Undergrad: 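The structure is given below, and queries will be raised subsequently.
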Amino acid sequence: WHPSGSHIVAGSIDFFRVIDVASGQTVQRIMVNHQVEKAKRECVVWAIAFLSSGTVVTADSFGRVQFWDWEQGTLAESHTVSTSAALSLAVSEKEDSIVVGTSTGATYQLQLLPVKLGGLEKRWVRTKPFQFHSHDVRAVAHSSTALISGGLDAQLVIRPLMEKVQKKGYDAVLRKFTFPHRRLVSCARKARLLLFQFSQYLELWRLGSTEETGKDGEVLPLCRMPEHLVQLKSKGPEHIYCSCVSPCGTWVGYSTASRFQLYRVRCDGDGVSLRKVPKVPKMLPPAYQLQFSADSESLFVASARGCVHVFQLLEPGGCKHLHTLQPPSGCSEAVYLLAPSADGHWLAAVSGDWAIHIYNLKCFKHHCVVPTYDCAVSALAIHPSTNNLVIAYSDQQLLEFSIPEKQYTSWSRALQSWGLHRAWLERDSPITHITFNPKNPSHILLHDTYLLCILDKSLPLPDDSALLMNQSALKQLPETARKRQLHAFKICKKFQPLLFMDLLDENCLVVVERPIMDFKTQLPLPVQQKKFGT
Amino acid sequence: ISDQKPLGCWSVKHGQILTCPVVCNFETHEYIAVHDDKVLRIWKDEDINLDKAFKATLSADVYRIHSLPQGGPVVLFRGGGVRTLDVLLEAPQQEIENIISGEAIRWSGAFMEGQQPVLIFTTEKDGDFFVYIQKPKLSSLHRYKLEQQESAKPLCFTAHITNQTVTLLCLYSNDSVYHVLVPLQQDTEEEEEEEKEEILSKSLLLNLSVSGAVLKGTSLVVLDKDHVGVLGSLAAPGKKPTECLTIWNTKFQTLQTSKELPLGTSGQLWCYEEKFFLIHGKVLTVILYKCETSSLAAAVGKLKNSQTPDVSLFLNWNTLEDEELVVSFQSQESLALKAESRMNLRSRRSTVAGEQPAPLSVGQLLINYKNASAYVFENELKKVMARAPTPDLQATIGSVVTALTDRCKGNPKYYPTNFLQQIVENHELSYSLCPDLMAVALEKKDMPLLQMCLERFPDIPEEVTYTCLKAFLSISEAQLQSLDVNVDSVICYIDVELDDKDVKTEIVENGFSSEMDQDMCDTKIPEEMGFTRSRGESCPVGLQKAALLNAVLHSAYTETFLLPHLKNLPAQQAILFLRYLYYLYVKCSEKVNTTLPGIRSPTINQIMDWMCLLLDAQFTVMVMLPEAKELLSNLHKFVRAQVRFYSELNKIEGSLRELQRLNHLRESQTYSIEVLEII
């Protein structure tokens, strides 16, 4: 779109068009490859941008970034940034900087700079090359302080523009993200099943077990091996957007961009049967998040416009729409996180505007809104015994909100006034899952990609001078000396990268790692390389 | 030009003057010159002495000869008469009409319009300019008067033809370029209007001024539909005028680029195939140019591509070792004497150009000309080959070559080396098409032709390959020096200065380092080692011989058929060949990718195969000969070092694999139950 909304520019093979929004007609069609000698090859315009000056910027398969005056149909500037294709393009808000992603994994910054120092005439100049990806950079974004790129090597990289960053802090450091900040694994606690969500299929596994115990760090012999029960392939090319297994392990639901499916899983002895639940109510758009209630009798489906649909699950395999929960003031954003309470009384729902609405499920009424905090919610959960809602924000803040009292708890206030440890705040991966230990109400279990943490509310909070990750230090101390060193954050970094963690029972924690090398080695080589010798 | 080497040089006798530019007839590859206004000379590449070349004296003064790609040469006389060369040669003394009275020709140009040659020329009389258009084949003539321009007159003309219209560009003395459209009328209409004088109007195309500076142009060439090149002196107010070559965009009226020529020029500018030719100082300078498709962005210099029309290269004839060409710009006469004394004369062939016969079948033709003179014979064969490609072209050429070789066999003095080379070079021949060719070449010791055949023919019998190899090995280096062997395949890797010790400091990238060598021959003393190394590094044969041997390495063969022949190779030659193969092998191993640089250089597999084959064939001889002993031991050591090196590499690769596997094993332990204590 042109920033004024008057025109749309559309890239194509060998040319791009400019379409007038008012008339809907193509007002300009510009060939992009007439200057190339090897014109036999077709030139794909992979990315395009429309500047408010009327300049159209194209990134094409010949590795060029070109600037066109669309009204004249003339090429103003052409920069060959790569020998392979330029795939993606993003313009800064001030339109003085452009980031380009290429198929070799390199990204380049182009800046509009004066030709002479202090002069008025400006030109686009390729300024900074970056190579943070090993494969195609398919998406780029340009924030006011950083270049953001996403590649086929399954990485999202945030590269700060040092000249735009005033002080040393979170923004001034290069960040790499490998996993989406979403829950990709769900756990049926009672049935001890794990459901893994892949892009096109789901896998249901039964966990193995042991009868032994041992000392810290010991690997115990298995008396039952883990068992792959079912692989459930999604039909069609769409990726699976969200999935969930019920706590009892007999219901599995997933949703793609267009369809929501619910299955009944029965395990009798060695056999596993999977049956699709017929006549699932059609919803458009389908689910953004799925969550079964603790008693596995109802299913909550997060949907668009702040709606949460409540389905009643029927024996032997049916479902019925019960109610649609909606914030009283309305909401334009979709719900992306759900947290039901263990007693089936409450449901917390977070929508894209970061508002957390709490509903009463007994009477299907809106209960209250958590005071808004200007940051995305990355995880939330309701404590099974106190009905306190624990919320983790993407800026690493933790809050505890009492649902019955409709206010923050005193512990939460104490934590806020004390402040979180600096090392905690400087982590760059958000908390993606929160769970509780039913046997020890003061424990909150949290995890991000690099650590899992048991937050013990009964212990004192650490101050900045204390060591946050103190587990290995503690282990070396005699038991009597440990007491004084304990603090509320019990952090374990043994499992990395951590995809999922949940508590099965009082003594049993399930942890899912996804080694990066596992999928890195499966990626094809971006460039074919020769081997030595004859 | 790329070699910066004169391919031929001819001069007229002392006292004679070449009076118009020499042209080349593209169809027959003959050169045509005129000296002393009336004397026509026609000769070929092979002819050395111009004085003995074909000569025809004409009845009128020649102004210029134009050579057209498909139409043959056209002769323009001072009096405005035009004849095609063919017509003129039928009767050299024919009368030439005078159609311009008192007018002097200022410029002329020629084009093909369909199948018709068209000649355009401009004349001047008392400040008036006239344009003539002649079609000599139709004997049609048009005369136009050029519209007058106050206080300015044309300095230079150039023209091109598009859609039946001649566009004439005129550079005027008021620093402007005008263009004039001259219609090419159909011949039927022309009769009635002949009496009336038609005036051609002109329109301004381009003003040669840029930001105050004015270009005083002397020459003008058209580059494409939007660009012209102008040579002239740029005069900015308050500055000394400098000569420069400029490219102008006529569409946007802008100066595209310019190049200063501080040494001065002759004021002339030629342009062929995207190259400017001009005389800068005392050297002929060739400047490549490239014109972008005209866009506004390009015109204002906003096109940020590397391909901006720019002066990118010029070749300097000054770098020639041979001074002749530079000299030729200074004094023609001195050259004439020098050249004559230097060049050795070769026998002159026929001077009479054959009449064009009706196309005959090839067989018939070959029989007809069996007894014709060599020149006529060759000319006829060339005509046969120049015919439009037919399905049996290969067979035709094959029979042509057979005819030539038969003639060679019949007449021991006859051997058309250039002609044969041309045929082999330009046509996809094979051994079976002309089985006698290589035998004749071997007999005549025509090494360049043999090289060409070995590189090109896919089906040479092993016996012939062997004979070639033997011939190559036995010919002396001195004899080879005088032959024109193509050394492309060796020039990139052979150390030419063998005596220069500094050359040897090249870093060995792969395999054969001095440490390893020491390691291999633990019992040898250092001096001996130094000796063996130098043996390995200097090429045992000269450049030409190496190139010929490479051609043998490249040829296709079957081991079983070649082996018996190789057994017959004399021992000394076998050792020399092995020494060369060893040298190639060492050279190959220096590079990480084990390939030699250059075009058609042998691959490591070819080298190894030939080495094995030669050793198989000559093993007993090699073992017996004392001089082979050292070579074999060096070769053995080197191969052993290479084998060790690669086995080490393989070990490393194996270890890396194992590491990777171990790593994978550890990771594949996908499920475990562990005890984790959190305090």
Side-chain angles (χ1 to χ4, degrees), chain A residues 34-35 37 64 66-69 72-80 123-124 205 207-210 212-223 225-226 452-454 456 470-471 473-475 477 479 482 485-486 490-492 494-495 508-509 511 513 515 517-518 521 530-534, chain B residues 252 290-309 509-511 585 588-589 591-595 603-608 642-643 645-653 656-657 660-661 663-679:
Chain A
H34 71 278
Q35 299 211 327
E37 281 171 31
R64 299 175 303 183
Q66 298 187 309
F67 296 81
W68 304 83
D69 180 333
Q72 303 288 333
T74 50
L75 179 65
E77 287 183 46
S78 177
H79 300 262
T80 303
R123 279 218 187 145
W124 287 96
W205 286 75
L207 294 169
S209 59
T210 184
E212 317 260 325
T213 53
K215 281 192 232 126
D216 181 38
E218 264 180 56
V219 177
L220 305 177
L222 301 180
C223 69
M225 294 300 288
L452 67 89
C453 172
I454 299 173
D456 190 341
N470 63 349
Q471 283 297 308
L474 285 176
K475 277 174 192 168
L477 290 176
E479 292 225 24
R482 285 178 185 173
Q485 299 294 325
L486 289 178
K490 300 168 184 295
I491 292 170
C492 167
K494 188 178 179 183
F495 309 103
C508 206
L509 199 65
V511 168
E513 275 181 307
M517 282 312 283
D518 260 17
T521 50
K530 249 190 180 171
K531 272 207 149 185
F532 55 77
T534 50
Chain B
F252 299 105
K290 194 164 188 187
C291 285
E292 289 283 346
T293 323
S294 175
S295 70
L296 190 57
V300 298
K302 285 273 185 183
L303 205 62
K304 274 277 294 175
N305 248 349
S306 55
Q307 318 137 310
T308 41
E509 284 179 273
N510 186 13
Y585 182 44
C588 267
S589 308
K591 300 281 180 297
V592 175
N593 53 4
T594 59
T595 50
T603 65
I604 188 149
N605 286 337
Q606 282 169 338
I607 297 165
M608 294 305 281
Q642 288 290 99
V643 168
F645 176 71
Y646 281 110
S647 79
E648 288 304 314
L649 270 186
N650 284 331
K651 271 186 213 162
I652 292 170
E653 192 193 12
L656 289 172
R657 281 252 170 82
Q660 201 176 11
R661 202 180 63 84
N663 221 6
H664 197 72
L665 257 184
R666 201 163 48 211
E667 274 165 12
S668 68
Q669 205 172 12
T670 50
Y671 187 86
S672 64
I673 298 180
E674 294 171 32
V675 180
L676 176 67
E677 184 193 10
I678 294 177
I679 302 161

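Letters go in sequence order (proteins before strands), and every chain restarts at 1. Only a predicted model underlies this, so the values are computations on that prediction, with no experimental measurement involved.
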Undergrad: In terms of heavy-atom proximity below 4.5 Å to chain B, should A/Lys215 be classed as side chain, backbone, both, or neither?
TA: backbone
Undergrad: Which region of A/Leu207, side chain (C-beta onward) or backbone (N, CA, C, O), has a non-hydrogen atom less than 4.5 Å from a non-hydrogen atom of chain B, or is it both or neither?
TA: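 Both parts, heavy atoms under 4.5 Å.
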Undergrad: Please classify the contact between A/Leu220 and chain B as side chain, backbone, both or neither, with a heavy-atom cut-off of under 4.5 Å.
TA: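 A/Leu220 touches chain B through backbone and side-chain heavy atoms alike.
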Undergrad: Start with the C-alpha gap between A/Leu452 and B/Ile678, add the side-chain angles, then the distance that decides, and say whether side-chain contact (heavy atoms from CB on, under 4.5 Å) holds.
TA: CA-CA 11 Å; A/Leu452 67 89; B/Ile678 294 177; 4.1 Å; yes
Undergrad: Among A/Pro221, A/Gly217, A/Gly214, A/Pro226, which has the most heavy-atom pairs under 4.5 Å with chain B?
TA: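 Heavy-atom pair counts peak at A/Pro226.
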Undergrad: Looking only at heavy atoms, what is the nearest atom pair of A/Gly208 and B/Tyr671, with distance?
TA: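 Of all heavy-atom pairs spanning A/Gly208 and B/Tyr671, the closest is N-OH, 2.8 Å.
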Undergrad: Would you compute the distance between atom CD of B/Glu677 and atom NZ of A/Lys490 and round it to the nearest 0.5 angstrom?
TA: 10.0 Å
Undergrad: Do you know the tightest heavy-atom contact between B/Leu676 and A/Cys492?
TA: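 Scanning both residues, the minimum pair turns out to be CD1-SG, 3.9 Å.
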Undergrad: Assess whether side-chain contact (heavy atoms from CB on, under 4.5 Å) is satisfied between A/Leu486 and B/Ile679, documenting all intermediate values.
TA: CA-CA 8 Å; A/Leu486 289 178; B/Ile679 302 161; 3.9 Å; yes
